[in-house]
Amino acid sequence: MTLSLFYPDPDAAKADAAELTLRMSAYASAIRLMYPEMREEQLAAMQQQPVDAICGALNAGYRSGEFGSTLTMRCDVKDQAAANIWWSVLLNMRDLGFLLP
């Protein structure tokens, strides 16, 4: 799985690569705060550290150009269950707090 961010600044992606890797690796899910109406058994099925549960390895890459830069995070997904977590929790439920400033 990959996640790419575009920056208008040609140097910003390189500057953010290490920080975003750290944030994603250590990220604790915000699902409990975002969806307080969820039942306890639903919450129990959610991973507290979703990126750690999903990725066997997490790698950052960046490219710069005349009009900006792109930071791409690559996740070597552990298995199909992990891929489902990526989609349903991080993307569909918008649990992307590691992107906050």
Side-chain angles (χ1 to χ4, degrees):
M1 299 282 186
T2 60
L3 173 70
S4 293
L5 304 172
F6 172 76
Y7 300 82
D9 179 342
D11 299 319
K14 180 179 179 181
D16 282 357
E19 175 68 20
L20 188 55
T21 301
L22 179 65
R23 284 184 183 197
M24 287 181 75
S25 297
Y27 182 64
S29 176
I31 293 294
R32 290 179 182 274
L33 298 172
M34 295 165 55
Y35 298 94
E37 71 280 0
M38 289 182 80
R39 294 188 321 263
E40 199 56 42
E41 59 270 13
Q42 290 173 302
L43 292 170
M46 300 292 174
Q47 298 291 328
Q48 285 296 89
Q49 290 190 291
V51 176
D52 187 46
I54 295 164
C55 301
L58 184 62
N59 300 297
Y62 52 86
R63 298 185 108 175
S64 295
E66 172 180 359
F67 300 107
S69 58
T70 304
L71 172 57
T72 299
M73 302 303 295
R74 296 190 194 295
C75 165
D76 294 336
V77 177
K78 291 179 180 179
D79 55 34
Q80 186 57 46
N84 293 340
I85 294 169
W86 175 276
W87 179 256
S88 66
V89 177
L90 293 178
L91 300 179
N92 194 35
M93 296 181 86
R94 293 173 181 83
D95 188 7
L96 300 169
F98 52 82
L99 294 175
L100 294 172

Would you mind writing out the side-chain donor-acceptor pairs for residues 5-17 within the sub-3.5 Å range, not counting sequence neighbours?
from	atom 1	to	atom 2	distance (Å)
Tyr7	OH	Asp16	OD2	2.9
Asp9	OD1	Asp11	N	2.8

Distance-only side-chain donor-acceptor flag, Ser4 / Thr72, under 3.5 Å: yes
pair Met73-Leu71: side-chain heavy atoms closer than 4.5 Å: yes
Salt bridge (Lys or Arg N to Asp or Glu O under 4.0 Å) partners of Arg23, counting only residues at least two apart: Glu19
Met24 side, atom CE; Leu99 side, atom CG - distance, nearest 0.5 Å: 7.5 Å
Selection residues 9-28 - residue pairs positive for ring pair (Phe, Tyr, Trp, His ring centres under 6.0 Å), sequence neighbours left out: Tyr27-Phe98
Same apolar cluster: Leu96 and Val51, side chain cutoff 4.5 Å: yes
Side chain proximity check, Asn59 to Thr21, heavy atoms < 4.5 angstrom: no
Distance, nearest 0.5 Å, that separates CD1 of Ile54 from CG of Asp76: 12.5 Å
